[in-house]
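Keep in mind that the numbers below use all heavy atoms, side chains included, and drop hydrogens, waters and symmetry copies. Within every chain, numbering begins at 1; the chains are lettered A, B, ... in the order of the sequence lines, protein sequences first and strands thereafter.
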Amino acid sequence: MHAALIGRIGRFTLDRGHTYIHMASILGQVAGAFLRLSFLNHVVRRVLVKQIYFTSVEAVPVIFGSALILGSIMVNALLALLTSLGAYDQIGEYLLKVMFYELAPITCTIVLLLRSGTAIISEVALMKINREMDTLNILGVDLMEYIFLPRILAFIISGPALAFCFSIVGLIGGFLTLGFFHDITFDNYVDQLFLAVQERDFFILLLKSFFLSLAVVLVCLQKGITVRSSFTEVPIKLIQGMMHTMFMIIFIEVFFGIASRLL
Amino acid sequence: MSFDLTACLGRDEDLLFLADSTVEQAKLLHMTALLQNQVGFVSESVPFLSNLSAIENITLGTMYTQNISLQKAEKRIKPAIATLGLDGFMHMRKESIPQRELAMAMFLRCLASDNRYVFLESPSVLVLSTVFDCRSRVDSRVHFWVSCLMPDREYYRDFDLKPMLPQG
């Protein structure tokens, strides 16, 4: 009984360990390709532009829509609470912390995961199953430069950019939709935000979004590339990718929570 | 048992590789794939990328290895595209291109990559006659390496292919 349990734990640890080592290996090779300035190659640049378009530009309506809805809910709830307590001077600080530290990075990461992460897993897996990667090898095209580098760059550029847009739309749009019900004017609201905002808030917003996006894209690429030869593996890898990414998001959340307390 | 590909590299003639088994045929394909710059492929085993158009697939290797733009790579292969009458198919994905035109586009990929030899794995007679026709129309000096199983050699008797047997 104990031996079986220990065996299962050992198997789980080895599987997870192998996944993380593989992800680290992908990251290392992509970093090498980045330092060689491979993204300046015409082919790689074309893929990068397409990936940035799919990941950021096409996600803008979803991000703006969710920023307005979630921003309204958050602004409405926090304004109601803080104005009832008479804590007018705390409004800016609380709103910024909730928006910059939690709501924007996590919502944007989930949107990226659902829209682009799933697309990456299925696209890479199908490329492998359909032997398109063999074509790339035969044409002398480096897989790291053609497949991995543009997708990773697109994610780590798009994640922070979308989170920044989400924050601005959420804070301003949130007040414009429901904020007028509260005992505070728009001028006063904006003043409170400007008084409370610090460089550190932007730094944490961008850094957290960067790491969350990097985690999503690495997990998705790793899951996509480890498909062997069967189409039936694709949905399994999709589910594994989703679960694994959620675990990584929680881990990064906890890490940033502890780090922000210590700093 | 295997084919001596290095001996074949200098030969200026079309060859027919007669394999005893599918395993040997697969091995031949892998060995040929190692000769990246010299051998191109018109084969289902080396398909076009499904998220790229035909012209992007044809010029992909050249664009990447020489770091040139699509426009520049397209300009080089444009005369051959026009000669083969493929202009209308260049912005289509592989799923929308008929088999004959797809074979012609794969042949153009070999021309764009400056391959000296074109490898075809058990091609249909239609595909083989299409690429022979393409070669004469664009006045190319590439040579064909066709692989097939021993019992299928009769299919290719109408083509001037020098039979090659595995050695060892």
*Rounded to the nearest 0.5 Å, what separation is found between the OG1 atom of B:Thr59 and the NE2 atom of A:His42?*
11.5 Å

*Count the heavy-atom pairs under 4.5 Å between each of A:Leu40, A:Val43, A:Asn41 and chain B, then report the option with the highest count.*
A:Asn41

*Does B:Lys75 NZ have over 12 foreign heavy atoms under 6.0 Å away?*
no

*Tell me, yes or no, whether the heavy-atom count around B:Phe132 atom CZ, taken from other residues, nucleotides or ligands under 6.0 Å, exceeds 12.*
yes

*Could you tell me which portion of A:Asn137 (side chain, backbone, both or neither) has an atom closer than 4.5 angstrom to a non-hydrogen atom of chain B?*
backbone

*asked:* Atom CZ of residue position B:Phe159 - does it have more than 12 heavy atoms of other residues, nucleotides or ligands inside 6.0 Å?
replied: yes

*So what's closer than 4.5 Å to chain A heavy atoms on B:Phe48: side chain, backbone, both or neither?*
backbone

*Answer with side chain, backbone, both or neither: which region of B:Glu56 has an atom nearer than 4.5 Å to a non-hydrogen atom of chain A?*
side chain

*Is it the backbone or the side chain of B:Thr62 that comes under 4.5 Å from a heavy atom of chain A, or both, or neither?*
neither

_For A:Met243, is the CE atom crowded, meaning more than 12 foreign heavy atoms sit under 6.0 Å from it?_
no

*B:Leu29 CG to A:Ile138 CD1 distance, which is reported to the nearest 0.5 Å*: 6.0 Å

*Which answer fits B:Ser69, side chain, backbone, both or neither, if we ask what part of it has an atom under 4.5 Å from a heavy atom of chain A?*
both

*asked:* If I take atom OH from residue B:Tyr64 and atom CG from residue A:Leu139, how far apart are they, to the nearest 0.5 angstrom?
replied: 11.0 Å

*Take atom CZ in A:Phe256; do more than 12 heavy atoms of anything else shown fall under 6.0 Å from it?*
yes

*Any ion pair linking A:Arg131 and B:Glu121 (charged N to carboxylate O, less than 4.0 Å)?*
no

*Approximate separation, where rounding is to 0.5 Å, of A:Lys50 NZ and B:Leu52 CG*: 5.5 Å

_Please check if the number of heavy atoms outside B:Asn67 that lie under 6.0 Å from its CG is greater than 12._
yes

*Can you name the closest pair of heavy atoms from B:Val46 and A:Thr135 and give their distance?*
C-OG1, 3.4 Å

*Give a yes or no on whether A:Tyr20 atom OH has more than 12 heavy-atom contacts from other residues, nucleotides or ligands under 6.0 Å away.*
yes

*Less than 4.5 Å apart, any side-chain heavy atom of B:Leu49 and any of A:Met127?*
yes

_Which atoms of B:Leu34 approach chain A - backbone, side chain, both or neither, heavy atom under 4.5 Å_ = neither

*Counting only heavy atoms closer than 4.5 Å, note whether B:Lys94 contacts chain A via side chain, backbone, both or neither.*
side chain

*Is A:Glu58 atom CD crowded by more than 12 heavy atoms from other residues, nucleotides or ligands, each under 6.0 Å away?*
yes

*asked:* I'd like to verify something: which residue of A:Asp134, A:Val141, A:Asp142 has the highest number of heavy-atom pairs under 4.5 Å with chain B?
replied: A:Val141

*A:Arg46 versus chain B, the contacting section by heavy-atom distance below 4.5 Å*: side chain

*Is it the backbone or the side chain of B:Ser45 that comes under 4.5 Å from a heavy atom of chain A, or both, or neither?*
both

